[in-house]
2 protein chains.
Amino acid sequence: MAMRVKEVADLVGISVRTLHHYDEIGLLTPDETTESGYRLYSDNNLQMLQQILFFKELGFPLKKIKDIIKSPSFDQQEALELHRKMLLEKRHRLNKMIATVDKTIQHSKGEIQMTSKEKFEGFDFSHNPYEQEARQRWGDDAVDNANTKLGNMSKAEQEAMSEEMSAIYTKLAALRHESPASEESQAAINDWYDFLNKMGHYSLDAFKGLGQLYVDDKRFTKNIDGFGEGLAEFLRDAMAIYADKKRK
Amino acid sequence: MAMRVKEVADLVGISVRTLHHYDEIGLLTPDETTESGYRLYSDNNLQMLQQILFFKELGFPLKKIKDIIKSPSFDQQEALELHRKMLLEKRHRLNKMIATVDKTIQHSKGEIQMTSKEKFEGFDFSHNPYEQEARQRWGDDAVDNANTKLGNMSKAEQEAMSEEMSAIYTKLAALRHESPASEESQAAINDWYDFLNKMGHYSLDAFKGLGQLYVDDKRFTKNIDGFGEGLAEFLRDAMAIYADKKRK
DNA sequence: AATTGACTCTCACGTTACGTGATGCTTTAT
DNA sequence: ATAAAGCATCACGTAACGTGAGAGTCAATT
């Protein structure tokens with residue numbers, strides 16, 4: 001039961017171009033391709049497309065969606081349960097917006113008072129509220145890349161690890177008793193920032209947030225402090241200072 | 001009670017860059033600017049920002065939002081009522097998606113059967129479902145540009161109208177008893193297509209849809225048939241043929 | 001078998017809505 | 001006066017497709 005692009009597109013209500021795009025970026029690869037190059041989508045492809053569209057509806061960028069569904073720990077049953085939960089949360093947020101409209105209508109009729117803050121109740125676009133939970137379930141690719149290597153590697157594998165990364169961590173561990181703002185510490189942090197940006201894109205804000213995550217999340221703290229007791233806290237401070245200083 | 005960009009951004013949960021962008025495109029212009037160039041947003045600006053964010057939440061592109069709120073017939077009270085209605089509809093759609101997830105969960109447990117079509121119930125991204133109603137309320141800028149000129153102009157104004165547009169319509173009126181597929185008709189339609197694309201961007205699909213709108217909406221039919229009885233239907237057919245042919 | 005229209009492919013430029021960093025001026029609190 | 005926070009403009013970059021071009025493929029009809 002293979003379907004070609006138009007049939008899928010019409011069934012689902014998306015464009016053929018979207019399906020092309022998803023194939024190009026490796027998000028949804030059709031199970032088959034004809035000799036003439038036609039894409040053939042299977043039932044399983046459709047199932048996966050549903051998952052993709054769920055995550056998309058919840059505001060996830062495609063790259064992130066790809067990371068999630070390609071994650072070894074991704075489980076469709078679990079995803080469906082999480083989707084349900086997230087959709088309920090989204091409905092809750094929508095209810096708040098409706099309540100805000102109702103209050104605004106009353107306000108405009110002079111029936112109630114309303115602060116500027118209240119007028120935006122239910123509007124919070126500063127971050128994707130579902131991202132934290134998705135990360136807990138399926139990890140964070142960039143973070144996991146950096147730390148999976150630390151946590152999952154045998155001693156032999158760790159030795160085979162990038163010398164640069166190892167050198168950076170070792171140097172930082174040696175510096176952890178000094179001030180996180182010292183020139184030496186900041187130079188080493190700069191190396192770490194550059195290294196991370198070779199693996200993926202890190203803004204200064206993301207870098208700073210990552211430092212905080214090293215302390216907040218026990219699995220990260222444990223891995224990092226393996227290089228030296230208290231290194232995670234040192235990194236958090238040094239990375240925050242680095243990001244703030246570099247932003248000026 | 002003027003607020004600068006950061007205060008507004010923090011209050012609302014959007015970025016300063018977004019406010020800059022909205023100012024640049026003329027969507028939300030601060031009521032005041034200091035001598036040093038700082039933007040100062042008034043209560044009224046905040047009120048309008050709320051409207052903007054409502055429409056944005058409903059999936060409207062910024063250009064369209066701008067068209068709507070700058071429309072002479074735009075009324076805030078009316079907008080709030082419409083927002084409420086649209087948010088309720090959106091919630092309804094969300095309910096359908098939640099039901100779909102529930103069914104998918106049951107399906108994955110083997111409790112029920114489910115068609116591929118059913119798996120995408122509630123997912124319809126093929127068009128913005130709220131756009132038709134917004135258009136009814138506040139018109140369609142491109143369409144209104146073309147037809148406001150036709151309907152609202154006095155005789156003297158019509159004579160002052162672009163000669164090109166007038167010539168096109170007159171030629172099309174003369175051709176309306178011929179086949180919409182004839183070379184002459186198609187050449188005149190090509191002129192009309194080019195002319196419209198000087199005023200704004202029209203894809204072939206949009207062009208074809210516009211032709212349909214000429215027949216579906218009485219105010220358009222009336223204006224167009226003023227050039228010649230039955231011209232609106234002729235245009236619909238000729239424009240559809242043109243779009244389909246040009247697409248090959 | 002030929003034809004035609006629908007479908008499909010890749011290519012590639014364009015659009016939309018910002019994110020991000022750089023540079024330099026302005027404001028505010030100490 | 002100073003330092004930090006805030007603000008401006010500039011401009012390149014990103015994400016997610018939309019759109020049209022040109023050419024090959026498929027399926028139904030003649």
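Lettering follows sequence order; numbering is per chain, from 1.
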| Can you check the A:Glu32 CD to C:dT8 C1' distance for me, whole Å? | 16 Å
| request: For A:Lys6 and D:dA27, give me the distance from atom NZ to atom C1', rounded to whole Å. | output: 14 Å
For nucleotides 27-30 of chain C, list the nitrogen or oxygen atoms of the protein found under 3.5 Å from its nitrogen or oxygen atoms, one pair per line.
| residue | atom | partner | partner atom | Å |
| --- | --- | --- | --- | --- |
| C:dT27 | OP1 | B:Ser36 | OG | 3.2 |

| Can you tell me how far CG of A:Leu19 sits from CD1 of A:Ile14, rounded to the nearest 0.5 angstrom? | 4.0 Å
| side chain to side chain contact (heavy atoms under 4.5 Å, CB included) with B:Thr34: which residues, sequence neighbours excluded? | B:Ser36, B:Tyr38, B:Leu40
| said: Between A:Ser185 (side chain only) and A:Ala181 (backbone N and O only), is there a donor and an acceptor less than 3.5 Å apart? | reply: no
| task | Please report, rounded to the nearest Å, how far the C1' atom of D:dC17 is from the NZ atom of A:Lys66. | result | 17 Å
| message | Over the length of the helix from C:dA1-D:dT30 to C:dT30-D:dA1, how much do the five-pair end axes diverge, rounded to 10 degrees? | response | 20°
| remark: Rounded to whole Å, CD of A:Glu7 lies from C1' of C:dA6 at a distance of 14 Å
| task | Using whole Å, report how far CG of B:Leu40 lies from P of D:dG6. | result | 16 Å
| task | Would you jot down, in residue-number order, the residues of residues 16-28 of chain B having a non-hydrogen atom under 4.0 Å from DNA chain C? | result | B:Arg17, B:Thr18, B:His21, B:Tyr22
| Does A:Arg39 place a side-chain N or O at less than 4.0 Å from the phosphate oxygens OP1/OP2 of C:dC7? | no
| task | Quick one: pull up CZ in A:Phe54 and CD1 in A:Ile65 and give me the separation to the nearest 0.5 Å. | result | 12.0 Å
| message | Measuring from atom CG of A:Leu28 to atom CE of A:Met48, what distance do you get when rounded to the nearest 0.5 angstrom? | response | 8.0 Å
| With a 4.5 Å limit on heavy-atom distance, are the side chains of B:His83 and B:Gln50 in contact? | no
| Can you check whether A:Lys56 has a side-chain N or O nearer than 4.0 Å to OP1 or OP2 of D:dC17? | yes
| CG of A:Leu53 versus C1' of D:dC17: gap in Å, rounded? | 14 Å
| Counterpart residues, side chain to side chain contact (heavy atoms under 4.5 Å, CB included), relative to B:Glu35 (two or more places apart) | none
| C:dT8 P sits how many Å from A:Met3 CE, rounded? | 11 Å
| task | May I have the distance from B:Ile52 (atom CD1) to C:dA17 (atom C1'), rounded to whole angstrom? | result | 14 Å
| If we ignore angles and hydrogens, is there a donor and acceptor under 3.5 Å between the side chains of A:Thr18 and A:Ser15? | yes
| task | Determine, stepwise, if the pair A:Ser182 / A:Ser179 fulfils side-chain hydrogen bond (donor to acceptor under 3.5 Å, both in side chains). | result | CA-CA 5 Å; A:Ser182 75; A:Ser179 163; 5.4 Å; no
| Mind checking what makes side chain to side chain contact (heavy atoms under 4.5 Å, CB included) contact with A:Asp23, not counting sequence neighbours? | A:Thr29, A:Pro30, A:Arg39
| query | If you count the non-hydrogen atoms of other residues, nucleotides and ligands that lie under 6.0 Å from NZ in B:Lys6, is the total more than 12? | reply | no
